[in-house]
Amino acid sequence: FHAKTMDLPYCRYHEALNNFYLRRIALVEGLEYAIRTSALRTYLQPQLNIQTGQLVGAEVLLRWQDPDFGWVSPAEFIPLAEERGLICRITQYVIRNVLQQLQIWREEGLEMCGRVGINISIRDLEQPQFVEELLEQVATSGCHPKQLELEITETAFMRDPEVALATLTKLHEAGFSLAIDDFGIGHSVLNYLKQIQADVLKIDISFTRELLTSAADKAIIQTIIATANIFGMKTLAEGVESAEQAQELRRLGCDYAQGYWYGEPQPIADFEANWLRDGRAAGCETSNS
Ligand code: C2E
Ligand code: MG
Ligand code: MG
Ligand code: MG
């Protein structure tokens with residue numbers, strides 16, 4: 001630091017800004033190292049049919065414990081990874097892990113009923129070889145595309161709708177399930193809904209949170225469900241934390257739910273014990289389609 005800078009009245013601001021950038025630089029370094037050493041953990045959060053209580057799938061959510069920073073939220077490191085060109089490596093990491101796990105379960109005779117949801121970035125969709133490579137990886141692992149559900153946020157989609165649409169269409173044709181994540185808070189994707197072959201609209205957590213207290217949020221959820229019905233899509237409510245919310249969503253005709261009320265994101269071994277061996281859910285929706 002220049003002594004001069006330190007004298008300025010806004011030096012505290014400089015310091016904060018500086019800490020912000022120092023943290024980011026250190027985090028990027030730590031993240032690269034974590035990818036290289038397979039230190040990122042893939043957690044699974046169950047998804048249930050809200051009407052029947054059956055397990056319909058699970059979403060992969062990354063967890064990262066950095067030696068210096070402790071637990072770092074994906075809400076912080078994923079945007080950073082996107083900015084710094086690390087996101088495609090992270091997606092590949094997740095895909096490899098998931099396919100490997102599905103292979104292990106199959107060999108053990110354990111069925112992962114339903115799909116595994118993987119969050120993907122617009123950067124992935126921009127890779128010209130993304131679909132072909134994914135198909136090859138899936139085939140090599142003895143899995144089927146319909147076992148995977150690829151989630152793209154509405155916001156990410158709208159960053160590059162034409163490219164996203166082209167790649168999503170290919171993915172859909174290849175048999176992958178598609179979900180639009182955090183639906184309802186992004187720049188409106190409504191105009192594209194008729195073209196995106198999405199299977200699921202994931203109702204953003206902010207609407208679920210206020211469902212019981214805000215008539216407006218309830219109205220938005222009803223609108224999303226009605227819209228999904230028109231387009232032949234399913235709805236999944238994110239962030240269900242209470243029986244009352246679940247009950248209301250059931251009443252509104254929501255199809256699926258995910259949230260702490262049903263199960264937190266958990267290490268794969270726990271998910272396996274709780275959901276695949278224990279059969280905590282009322283059976284599985286086995287059709288996988
Ligand atoms: P998302 O895909 O919308 O994931 C749902 C988030 O809601 C997760 O946050 C999950 O832990 C949290 N959640 C689930 N149930 C509840 C609940 O009942 N109450 C509350 N308050 N929260 C709940 P998380 O794990 O912190 O992840 C944040 C975001 O980071 C994810 O949002 C996703 O966009 C991104 N992310 C996580 N893992 C990956 C990944 O492997 N790849 C990419 N590209 N993004 C990822
Ligand atoms: Mg998601
Ligand atoms: Mg979401
Ligand atoms: Mg979200």
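Both counts, for ligands and for their atoms, begin at 1 and track the order of listing.
Of all the listed residues (P74, A156, G117), P74 holds the heavy atom that lies closest to atom 26 (O) of ligand 1. For atom 23 (C) of ligand 1, the nearest non-hydrogen atom from the set W261, Y260, Y262 comes from Y260. For atom 36 (N) of ligand 1, the choice among I152, I78, T42 with the nearest heavy atom turns out to be I78. Here the shortest heavy-atom distance to atom 5 (C) of ligand 1, taken over E238, E241, Q245, E76, belongs to E238. Compare I118, N119, T155, D182 by their heavy atoms: the one nearest to atom 33 (C) of ligand 1 is in N119.
In the vicinity of V94, heavy-atom distances shorter than 4.0 Å reach the ligand 1 atoms 41 (O). Near D181, meaning under 4.0 Å from one of its heavy atoms, ligand 1 places the atoms 1 (P), 2 (O), 3 (O). Distances below 4.0 Å separate heavy atoms of P265 from the following atoms of ligand 1: 11 (O).
When rounded to 10 degrees, the angle formed at the Mg ion (ligand 2) by OE2 (E59) and OD1 (N119) equals 90°. When OE1 of E151 and OD2 of D181 are joined through the Mg ion (ligand 2), the resulting angle is 90° to the nearest 10°.
When non-hydrogen atoms are compared, ligand 1 lies under 4.0 Å from the side chain of R63 (C-beta onward) but not from its backbone. With a heavy-atom cut-off of 4.0 Å, Q45 touches ligand 1 through its side chain alone. Contacts of I205 with ligand 1, taken as heavy-atom pairs under 4.0 Å, involve the side chain alone. Heavy atoms of T153 found under 4.0 angstrom from ligand 1: none, in either backbone or side chain.
Around CD of Q65, the count of heavy atoms belonging to other residues, nucleotides or ligands within 6.0 Å exceeds 12. Counting heavy-atom neighbours within 6.0 Å of W105 CH2, excluding the residue itself, gives a total above 12.
Here the CG-CD distance, from N119 to E59, works out to 4.5 Å after rounding to the nearest 0.5 Å. Taking CD1 from I95 and CZ from F130, the interatomic distance works out to 4.5 Å, rounded to the nearest 0.5 Å. Of the inter-residue distances, the one linking L165 atom CG with Y192 atom OH reads 7.5 Å to the nearest 0.5 angstrom. The CG atom of L61 lies 9.5 Å from the CD1 atom of I78; values are rounded to the nearest 0.5 Å.
D182 has its closest N, O or S atom to the Mg ion (ligand 3) at the position named OD1. The Mg ion (ligand 3) is closest to atom OE2 of E238 (considering only N, O or S atoms).
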Decide yes or no on side-chain contact (heavy atoms from CB on, under 4.5 Å) for F183 and L193, but give the supporting numbers first. CA-CA 11 Å; F183 187 78; L193 270 193; 4.2 Å; yes
Full working for side-chain contact (heavy atoms from CB on, under 4.5 Å) between Y93 and L40: CA-CA 9 Å; Y93 179 90; L40 298 174; 3.5 Å; yes
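Geometrically, ligand 1 and L62 share a nitrogen or oxygen pair separated by less than 3.5 Å.
Looking at every heavy atom in both residues, P128 comes nearest to K170 through O-NZ, 4.5 Å. Shown here for P46 and E264, the closest heavy-atom pair between the two residues is CD-O, 4.0 Å.
The hydrophobic clustering, which links ILVMFWY residues whose side-chain heavy atoms are closer than 4.5 Å, places L171 and M158 together.
Proximity of I90 to ligand 1 is not established, as no heavy-atom distance is less than 4.0 Å. The shell of residues lying under 4.0 angstrom from ligand 1, judged by heavy atoms, includes E59.
With no hydrogens or angles considered, no side-chain donor-acceptor pair links T140 and Q137 at under 3.5 Å.
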